[in-house]
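Since this is a predicted model, take the numbers as computed values, not measurements.
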Amino acid sequence: MTSSHRAATSVPDPALDRVAALRAALAAAPLPLALRGTAPVRAQRAELLQQLEDYLVPRLAAPDRPLLVVVGGPTGVGKSTLVNTLVGEQVSQSSMIRPTTRSPVLIHHPSDRGWFGRDGILPAFDRVEEPTDDPGALQVVPHAAVPAGVALLDAPDFDSIDDANRVLATRLLAAADMWLFVTSAARYADQLPWEQLDIARARETPLIVVMNRIPAEDLATVSVDLAEQLEVRGIGRGKLVFVEHGPVERGLLRSPQVAEIREALEALSASPALRHDIARQCVDGAVRQAGRVARRVADAADRQVAAIGELLTLADRTYDEALTGLTAALTDGTVLRGDLLGQWQDLVGTAEALPMTEMVRRVRERVVALPAHRQEPLLGRLEVALDLALEGLVVDHAERAAGETARVLRGSAYGEALLDWSEEDLARPGRRLGTAARQAVAAWRRGLATDPSARAIGLALAVCAVAAPSADRGAAPGPVAAARTGIVRTAGDLLAAERARYLEPVLGWSLTPDAPGRLRTAAAAAVRLGGPAAGRS
């Protein structure tokens with residue numbers, strides 16, 4: 001079924017932009033960390049996002065679309081049978097096997113067909129024309145017995161033994177302009193139906209409450225009791241219908257009180273103004289409730305932003321300490337040992353610490369004195385030794401920083417979420433760090449030679465830059481200092497890139513420090529459309 005058969009045009013409600021902005025702000029305020037008290041707010045946020053997508057945005061985009069009456073209630077109260085009876089034909093599956101309705105069935109007048117494509121209400125559901133058990137599908141049934149301007153949606157049981165059924169039922173009830181709430185003499189005292197009715201009260205959803213399957217001898221007692229309980233809970237009676245237990249013939253209930261429900265639907269069909277008022281009441285109530293939920297989410301998001309900031313501060317601290325150690329090791333002669341020291345002594349011809357000018361002189365004389373075919377191996381071995389020594393130093397400090405950061409984070413309340421969210425093992429250096437360090441060090445070293453003929457001089461300058469500061473004696477301070485600054489900056493950039501990996505999970509969470517404020521602003525703007533009651537908490 002496509003959405004190309006439009007029954008009528010409808011001018012979007014001016015409030016649409018504000019509600020769409022609320023949806024965007026809510027989506028931008030996830031709650032990734034399992035802070036205390038987050039779980040229920042996270043669930044409320046998910047439900048509100050669905051309601052915005054399923055109901056509020058489509059309803060405001062097309063205010064004139066038919067009124068959606070969702071038929072909901074607990075298991076075994078005869079919802080599908082009641083729907084079939086209202087239509088006069090078996091259009092929704094019903095039986096004694098529970099649960100029966102596994103996917104929603106929407107029945108509407110044929111002239112209203114164009115309002116129920118995927119560009120309207122419940123857009124995430126596939127539209128099908130045949131019965132299905134697919135909970136992601138919406139069976140759409142045109143039927144002339146349904147009054148024009150009104151549609152019935154038969155929902156699964158909200159207390160089903162099937163978890164997916166319960167979730168689906170709650171979602172569909174949130175997409176209603178009006179609830180046709182069905183209970184029975186045997187089930188109306190159960191707690192769960194009253195919890196659902198409390199949700200209806202909080203959202204100010206218009207109600208038709210039907211007590212079905214009442215034995216005739218119990219009618220006087222249970223009808224009074226139900227009416228009193230509705231009043232005590234502040235739900236109000238609305239339209240209250242009591243249907244006596246009667247025979248079911250060919251899937252249809254033979255009880256005269258069903259006519260009262262049909263008459264109520266026909267009255268809605270006959271009055272566009274009444275339908276508009278009911279839809280407006282439901283929208284206003286849903287937006288007010290959305291504002292309350294959005295403020296709770298914003299408060300929770302504030303706590304998330306603070307917690308994330310604390311985690312990143314811990315990472316900053318360990319990497320700052322690592323950078324201090326790395327900088328010291330780069331400039332105190334630690335690097336000039338082992339193979340690098342041996343290769344350097346081969347080039348300058350001594351193990352003695354010499355002033356820079358003397359080392360440069362010796363390097364120049366040594367290289368010039370060698371035949372060309374021997375210069376390359378001598379310089380090449382020294383370059384490799386220098387690059388590997390510096391690469392190893394960077395990787396060693398990055399490894400210690402990663403291990404310490406992981407230890408500190410796992411010892412904090414929520415650091416494990418940051419570590420586990422990343423696709424990388426943040427307790428170890430990045431997989432490409434060695435290659436990146438080797439390339440960066442080589443680029444720094446090559447940049448010290450003004451031209452290819454000065455390769456040996458640039459190499460001598462590089463070694464002096466990582467040697468003990470005493471190697472500066474007799475040198476013009478500029479070249480060595482600049483070279484030392486360059487390698488410190490290069491190594492610092494590599495370590496900063498390692499530190500930045502801890503930000504990637506946070507970016508994946510899409511929660512920015514300004515998200516809570518933007519959500520509060522969007523919520524305040526949206527609830528203003530609900531009138532004076534919008535400020536209630």
Side-chain angles (χ1 to χ4, degrees), residues 13-16 18-19 22-23 26 44-45 47-63 65-73 121-122 150-151 153 155 158 169-183 192-210 226-227 229-241 264-265 267-268 271-297 522-537:
D13 190 298
L16 175 60
R18 282 180 282 171
V19 169
L22 173 61
R23 176 184 58 182
L26 191 66
Q44 291 170 7
R45 173 182 175 272
E47 290 175 3
L48 177 55
L49 277 171
Q50 278 192 336
Q51 188 186 34
L52 288 164
E53 293 281 352
D54 290 346
Y55 173 68
L56 276 170
V57 169
R59 165 52 80 187
L60 291 170
R65 72 169 171 82
L67 209 65
L68 185 66
V69 179
V70 175
V71 183
I121 193 163
L122 299 168
V150 179
L153 193 151
F158 57 65
T170 301
R171 178 177 181 178
L172 296 171
L173 289 171
D177 292 306
M178 172 179 278
W179 283 9
L180 200 164
F181 190 88
V182 184
T183 186
L192 195 55
W194 289 108
E195 290 176 1
Q196 292 294 323
L197 287 169
D198 285 339
I199 293 173
R201 178 185 56 79
R203 291 177 178 160
E204 303 173 45
T205 306
L207 286 168
I208 298 177
V209 177
V210 176
L226 176 61
Q229 291 199 42
L230 288 169
E231 291 289 352
V232 167
R233 290 175 176 264
I235 296 169
R237 296 191 183 189
K239 178 69 176 177
L240 189 53
V241 179
L265 299 178
L268 292 173
S271 176
L274 179 58
R275 294 200 305 273
H276 178 272
D277 289 347
I278 287 174
R280 186 75 256 175
Q281 175 187 335
C282 193
V283 165
D284 287 352
V287 171
R288 283 192 281 270
Q289 176 69 354
R292 291 189 283 268
V293 172
R295 287 191 288 272
R296 287 196 287 270
V297 174
V527 298
R528 279 196 292 271
L529 69 90
R536 296 184 312 201
S537 60

Visitor: Start with the C-alpha distance between Gln44 and Arg296, add both sets of side-chain angles, then the distance that settles side chain to side chain contact (heavy atoms under 4.5 Å, CB included), and finish with yes or no.
Guide: CA-CA 9 Å; Gln44 291 170 7; Arg296 287 196 287 270; 3.1 Å; yes
Visitor: Drop me the distance from Thr183's OG1 to Leu226's CG, to the nearest 0.5 angstrom.
Guide: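 Going from OG1 on Thr183 over to CG on Leu226, the span is 7.5 Å.
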Visitor: With a 4.5 Å cut-off on side-chain heavy atoms, are Val287 and Arg18 touching?
Guide: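 A side-chain contact is absent here, since even the closest heavy-atom pair is not under 4.5 Å.
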Visitor: Is there a side-chain contact between Leu22 and Val527 in this structure, where contact means two heavy atoms from C-beta onward sitting under 4.5 Å apart?
Guide: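 The answer is no, as the side chains (C-beta and beyond) never meet within the 4.5 Å cut-off.
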Visitor: How far apart are the closest heavy atoms of Asp177 and Pro66, and which atoms are they?
Guide: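 Looking at all heavy atoms of both residues, the closest pair is OD2-O, 3.9 Å.
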Visitor: If we only count heavy atoms from C-beta on, is the Ile121 to Leu153 side-chain gap below 4.5 Å?
Guide: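 When only atoms from C-beta onward are counted, Leu153 and Ile121 do not touch, as no gap falls below 4.5 Å.
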Visitor: CG/Leu207 to SG/Cys282 distance, rounded to the nearest 0.5 angstrom?
Guide: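 Answer rounded to 0.5 Å: 9.5 Å.
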Visitor: Roughly how far apart are Leu173 CG and Gln196 CD, rounded to 0.5 Å?
Guide: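 Leu173 atom CG to Gln196 atom CD measures 6.0 Å (nearest 0.5 Å).
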Visitor: Would you say the side-chain atoms of Arg59 pair up with the backbone N or O of Ala176, donor to acceptor, closer than 3.5 Å?
Guide: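 Pair absent, no side-chain N/O of Arg59 close to backbone of Ala176.
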Visitor: Output yes when a side-chain donor or acceptor of Glu204 lies under 3.5 Å from a complementary backbone atom of Gln281, and no otherwise.
Guide: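 Checking the backbone N and O of Gln281 against the side chain of Glu204, no donor-acceptor pair under 3.5 Å is found.
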Visitor: Could you check if a side-chain atom of Gln289 sits within less than 4.5 angstrom of a side-chain atom of Val293, using non-hydrogen atoms only?
Guide: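 The answer is yes; the side chains approach within 4.5 Å.
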Visitor: To the closest 0.5 Å, what do you measure between CD1 (Ile208) and CG (Leu268)?
Guide: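 It comes to 6.5 Å.
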Visitor: Take Leu26 and Arg45 through the test side chain to side chain contact (heavy atoms under 4.5 Å, CB included) and record every step on the way to the result.
Guide: CA-CA 7 Å; Leu26 191 66; Arg45 173 182 175 272; 4.1 Å; yes
Visitor: Using side chain to side chain contact (heavy atoms under 4.5 Å, CB included), reason through Val70 and Phe181 one step at a time and then give a plain yes or no.
Guide: CA-CA 8 Å; Val70 175; Phe181 190 88; over 6 Å; no
Visitor: How close do Met178 and Ile278 get, heavy atom to heavy atom, and via which atoms?
Guide: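 Where Met178 meets Ile278 most closely, the heavy atoms are CE-CD1, 3.5 Å.
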Visitor: Who are the side chain to side chain donor-acceptor pair (under 3.5 Å) partners of Gln51, not counting sequence neighbours?
Guide: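 If we apply the side chain to side chain donor-acceptor pair (under 3.5 Å) test to Gln51, skipping adjacent residues, there are no hits.
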Visitor: With a 4.5 Å limit on heavy-atom distance, are the side chains of Arg275 and Val150 in contact?
Guide: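 Yes - at least one pair of side-chain heavy atoms lies under 4.5 Å apart.
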Visitor: Begin from the C-alpha positions of Glu195 and Ile199 and carry the test side chain to side chain contact (heavy atoms under 4.5 Å, CB included) through to its verdict.
Guide: CA-CA 6 Å; Glu195 290 176 1; Ile199 293 173; 5.8 Å; no
Visitor: Rounded to the nearest 0.5 Å, how far does CG of Leu60 lie from CG of Asp13?
Guide: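 So the gap between those two atoms works out to 5.0 Å.
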Visitor: Is there a side-chain contact between Val210 and Val71 in this structure, where contact means two heavy atoms from C-beta onward sitting under 4.5 Å apart?
Guide: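 Counting from C-beta outward, Val210 and Val71 never come under 4.5 Å.
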Visitor: Find out whether Trp179 and Val209 are in side-chain contact, i.e. whether some heavy atom of one side chain is under 4.5 Å from a heavy atom of the other.
Guide: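 No, too far: nothing below the 4.5 Å cut-off.
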Visitor: Where is the tightest heavy-atom contact between Pro58 and Leu52, given as atom of each residue plus distance?
Guide: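 In this case the closest contact between Pro58 and Leu52 is CD-O, 3.7 Å.
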Visitor: At their closest point, which heavy atom of Leu274 faces which heavy atom of Ala267, and how far apart are they?
Guide: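 Closest approach of Leu274 to Ala267: CD2-O, 4.3 Å.
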Visitor: How close do Tyr55 and Ala175 get, counting heavy atoms only, and between which atoms?
Guide: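 Looking at all heavy atoms of both residues, the shortest contact is CD1-O, 3.3 Å.
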Visitor: So does Ala202 get a backbone contact from the side chain of Arg292, meaning a donor-acceptor N/O pair under 3.5 Å?
Guide: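 Answer holds: yes.
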Visitor: Mind listing the closest non-hydrogen atom pair of Ala294 and Ala523 along with its distance?
Guide: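 The answer is CB-CB, 3.7 Å.
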Visitor: Are any non-hydrogen side-chain atoms of Thr170 and Gln50 less than 4.5 angstrom apart?
Guide: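 The answer is no; the side chains never approach within 4.5 Å.
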